[in-house]
Amino acid sequence: MNEFIKILLSLSVSGALLLLLILGLKPLYKNKFSKRWQYYIWIVVVLRFLLPFTPDTTIIGSLFEKFDTAAITNEMPATPNVPVPADTGNSKAEPIQTNRETTTAAIREPVDKYVCLFFIWSALALVLFVRKVTVYQGFIQYIKAGNKEVSDIKILNLLSDCEEKLNIKTRVEISCNPLIASPMMIGFSRPRIILPAHEWEDKELSYIFVHELIHYKQRDMFYKWLIQIVVCVHWFNPFVYLLEKEVNKSCELSCDEKVISVLDDTARREYGDILISFLKSNNLYKSSLASVTLTEGAEQLKERLGAIMKFRKKSKVIIAITTIFTVAACVCFFVTGAYAAPSTANEKKSFMEAAADIFGNDEEKKQFTEIITASGETIGIIDDNKEIERFVKQLDIKSWNDMEQLPEDIDLVYSYISYEVIDEPIFLPDGIPLVHMSTLELYISDKGEYMIRDYDQEIEAIARISEKAGRFLNAPEDLDLNKHITAKDILDGWGLDFYVPNSNIEKTDDIEAARYYQGDTSFIENARYYQGKTSFTEKELRRTSKEQKIQFYGADKSTLLNEIDDISEIAQYLNGLALEQWEYADNAPNPEEVECQIVRFMLSRDNKKELKEMCTEILYKSNGNYYIEEIIPGEYSDRGDSITHYQVSEEIAKYILSYIGIASN
C-alpha cells in the first residue's frame, strides 16, 4: 500500500512540475504557436499525471528514494545491535538489546498511515467521479426533456453539407431546445447538436455546424473526460484544476482556429459576431451542470475574439520551433519521471531469488526462513510467503558490493536460514521433491559497517550492504514472525529429503548436517537428470508455468520447422525423451553434423506475460554417435550460461527428429 501512495504522490508532483514548466513558457509561445498545438501539448502533462512509466533515474524518482531512505533510517533503532566480543571463556557473544517495542511501533506506524491515506484517497476519488458522472447524466436528461427534433429539410441539408466538407461519416442528429443559450454538442457515440430556440440565417448555421462538428472530429469530449479522470485521481493537487481550466480554454481556441483557417477577414468578423450574440443571450439554465457537460461559455470571449482577428498562418520557422518545443516537452516528461517501486526483476539476485525465478514463487510454495542469533538462539520463523517476499525486497540487493572475503574485525549477529521445496519435475529424482537450503549471515564491523555472507551447499557470496538493508536485517523482531513453531516441526511435516549434493543424507532429525554440509558439489551435473523413469504431467507443467512452448529449428539453427504450445503435447514430448537414459558426456566431441535445435520457453516470476527462453538443446552427430548440447541461460546468476553435454541413443534422436519430419541417417 505504501508503494502505491508513493507512486501516486510522485506522479502528482511530477505532473505539477511539467504543468508549471509549460505554463511558465506560455508568454513565449502564446501568440506565436498554433492554438491547436497549445491545446494538445497538455496531453503530455495528462500522461505524466497518469502513467507510472519512468526511466531508472529521474528527478522525482531520486527525490522520493531519498525521502524513503531517510524515513527508514529514522524509523530504525538509533543504535545497532552490535554483539559484544566473546571473552576468553566458553561464553558466546550476545547482541546488545535495545528497546524493540519502540522500534516495532515506529516501523508499523507508517504502514497504518499509508493504509489510512489510501482509503481516504480512494473514497474521495470515487465519490468525486460518481458525482461528476451523475451530474452529467442529470444535465443530459434535463436537455433531452426540452429537445425538439429539427425537421426542416433546409437545415438538415446544410448540416449534411458541413459533414461532407469535414469528411465525417457518422450521422449527427440535430435538435432545438429553448432551455439553452448557446449551441452545444452532446453524446460520445451518438453525437447530437443542440440549437437554442432562435431564427438562424444559413451562414450562421454553417458556422455553428462547422464549429460543433470540429469538436466531434477532434474527440474533444473524450479529451475533456480524460481531464476529469486526472482531476478525480489527483483531487488533492490544486494544479490539476488549473490544468482543467487551461484545457477547456485551449479547446475552444483550437476549434475557433480550425474554423477561421479557411475564412477571409469579413467572414471572421461574422463568426465573431455570432460568438457575441451568444454572450447577449439570456441563459435559462444557470446551474453549474453546464461545466460538467464540458461545453464552453463566453467567459474567455475577449481572448477568443482577439485570437480570431490576429490569426495568421504559421511560417515554416514557427513550425520548426514548435517541433523543438514538443520534443523538449517529451524529454521533460521522462526527466521528471516518477517514483518506481522496488523491483528485483533486473537486479543482481540472491540464491533465494534465482531459485524463485527458475522454479516459480507463488503463495502456495512451501518455504520458510528461520532466524538465529550468533549464540544459536532461534528468534522466530517467517512462514508467510508474502512476508518472505517483503523480506527479500528489503535486502536492497542492487546496492550490494561484492567482497573477496570477510574482514577480521567483524562479528556475526544473525543468520537467516531459508528452506524451500524444489518440486520442478525436471530437477527431481523420480519426481520426488527435495528441500533446498540457503543461509544469509549478517555481520557488523567495529566501524558499524554491515556485511553479509550468502551461501548454500554449493556457492558463496560475500558483500558489503547498504545501511538501509543492514538496519533492516539487524531488527528481525520487527518482522512478522511465528514463534510457536520450529524448523524441525515444519520439515517433519514436509517429510522430504534435503538436497545435499554428493551425500547420502536422508530425512533426519539432524538438521545441522544438512545446514552446514561442506564438500565439492555441482548442482547442474549431479541434479539435472537422475536414474529412474521421469514422468511429466500437464498439471505439474502448468504449476511450473501456465504457458509454455517448444520450438524446433533446422540444422541452420534459424529456420523454424515446428512449434508446440499445448501443455499436454509438451508433457507428451518430454516424456518421450526418456531423460533417464541420457548419459553425461564431459568429453563430448565438437559437432560435426548438426541435426536440429530445440528451444523451450516458459514464464518467469518477474514477467508473467512474456515467455522467456529457459533452455536450448542442440542435437548433433559425431563419429556415428548422437549428442545433445544443453544450454541454460545464465541470466539468473553471474556465472554465465550453463552448458552440459549428453550422449543419447539413436532411438531418442529419431524421436526428436520426428517432430520436424526429418529421419536420421
Side-chain angles (χ1 to χ4, degrees), residues 39 133 135-225 248 251-263 267-268 270-287 289-298 301 304 308:
Y39 176 44
V133 172
V135 175
Y136 175 74
Q137 290 176 336
F139 174 72
I140 295 299
Q141 294 301 320
Y142 174 87
I143 294 298
K144 287 183 177 180
N147 276 354
K148 181 180 179 181
E149 292 289 336
V150 174
S151 57
D152 191 324
I153 298 298
K154 185 178 180 181
I155 295 178
L156 294 176
N157 287 336
L158 185 59
L159 175 61
S160 180
D161 291 340
C162 292
E163 291 174 349
E164 186 176 351
K165 288 179 182 178
L166 294 173
N167 196 28
I168 295 176
K169 306 298 183 182
T170 305
R171 181 186 176 186
V172 180
E173 305 288 343
I174 183 170
S175 301
C176 182
N177 195 319
L179 301 177
I180 62 174
S182 62
M184 67 175 64
M185 175 176 282
I186 63 173
F188 289 88
S189 58
R190 299 175 60 185
R192 177 181 293 272
I193 295 177
I194 315 294
L195 296 174
H198 186 72
E199 293 295 329
W200 303 98
E201 296 181 3
D202 290 351
K203 186 171 292 187
E204 291 176 328
L205 284 174
S206 178
Y207 293 147
I208 291 171
F209 290 158
V210 170
H211 181 94
E212 298 302 332
L213 289 173
I214 287 175
H215 273 311
Y216 173 74
K217 190 172 183 178
Q218 294 183 158
R219 298 293 189 266
D220 290 334
M221 288 283 282
F222 292 95
Y223 189 179
K224 290 188 175 182
W225 269 100
N248 288 339
C251 177
E252 293 303 325
L253 291 171
S254 171
C255 190
D256 291 340
E257 182 184 67
K258 184 70 174 179
V259 173
I260 65 177
S261 62
V262 294
L263 302 180
R268 291 174 192 168
E270 293 174 349
Y271 180 74
D273 290 340
I274 293 177
L275 296 181
I276 294 174
S277 69
F278 296 148
L279 180 64
K280 294 178 179 179
S281 300
N282 180 28
N283 191 356
L284 300 179
Y285 189 80
K286 300 293 185 181
S287 172
L289 289 172
S291 62
V292 181
T293 63
L294 311 179
T295 56
E296 177 68 27
L301 182 61
R304 293 177 65 183
I308 290 172

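One is the number of the first residue; the rest follow in order along the sequence.
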Give the table of side-chain donor-acceptor pairs shorter than 3.5 Å for residues 152-160, with sequence neighbours excluded, one pair per line with atom names and distance.
{"unit_1": "Asp152", "atom_1": "OD1", "unit_2": "Lys154", "atom_2": "N", "d": "2.9"}
{"unit_1": "Lys154", "atom_1": "NZ", "unit_2": "Asp202", "atom_2": "OD2", "d": "3.3"}
{"unit_1": "Asn157", "atom_1": "ND2", "unit_2": "Ile153", "atom_2": "O", "d": "3.2"}

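Put simply, OH on Tyr207 and NZ on Lys203 are 5.0 Å apart, with the number rounded to the nearest 0.5 Å. Atom NZ of Lys258 and atom CG of Leu166 lie 8.0 Å apart (nearest 0.5 Å). The distance from the OG atom of Ser206 to the CG atom of Asp161 is 8.5 Å, given to the nearest 0.5 Å. Atom CD1 of Ile194 is separated from atom CD1 of Ile143 by 7.0 Å, given to the nearest 0.5 angstrom.
Within the 4.5 Å cutoff, side-chain heavy atoms of His211 are placed close to those of Glu252. Residues Leu195 and Phe209 are in side-chain contact: their nearest non-hydrogen atoms beyond the backbone lie under 4.5 Å apart. The shortest distance between side-chain heavy atoms of Pro178 and Pro196 does not fall below 4.5 Å. You'll find the side chain of His215 reaches within 4.5 Å of the side chain of Cys251, heavy atoms only. Within the 4.5 Å cutoff, the side chain of Met185 has heavy atoms near those of the Val172 side chain. Counting only heavy atoms from C-beta outward, the side chains of Ile180 and Met184 approach each other to under 4.5 Å. The side-chain heavy atoms of Asn147 and Cys176, taken from C-beta on, include no pair separated by under 4.5 Å.
For the pair Lys148 (side chain) and Ser175 (backbone), a donor-acceptor distance under 3.5 Å is absent.
Of all heavy-atom pairs spanning Gly146 and Leu179, the tightest one is CA-CD1, 4.2 Å. Shown here for Tyr216 and Phe188, the closest heavy-atom pair between the two residues is CE1-O, 4.0 Å.
Arg171 and Glu173 are joined by a salt bridge, as a carboxylate oxygen and a charged side-chain nitrogen come within less than 4.0 angstrom of each other. Taking a cutoff of 4.0 Å between a charged side-chain nitrogen and a carboxylate oxygen, Arg192 and Glu149 qualify as a salt bridge.
Taking the six-membered ring where tryptophan is involved, the planes of Tyr142 and Phe139 are essentially parallel, since the angle between them stays under 30° and well short of 60°.
Judged as a ring pair (Phe, Tyr, Trp, His ring centres under 6.0 Å), and not counting sequence neighbours, the contacts of Tyr39 are Tyr223.
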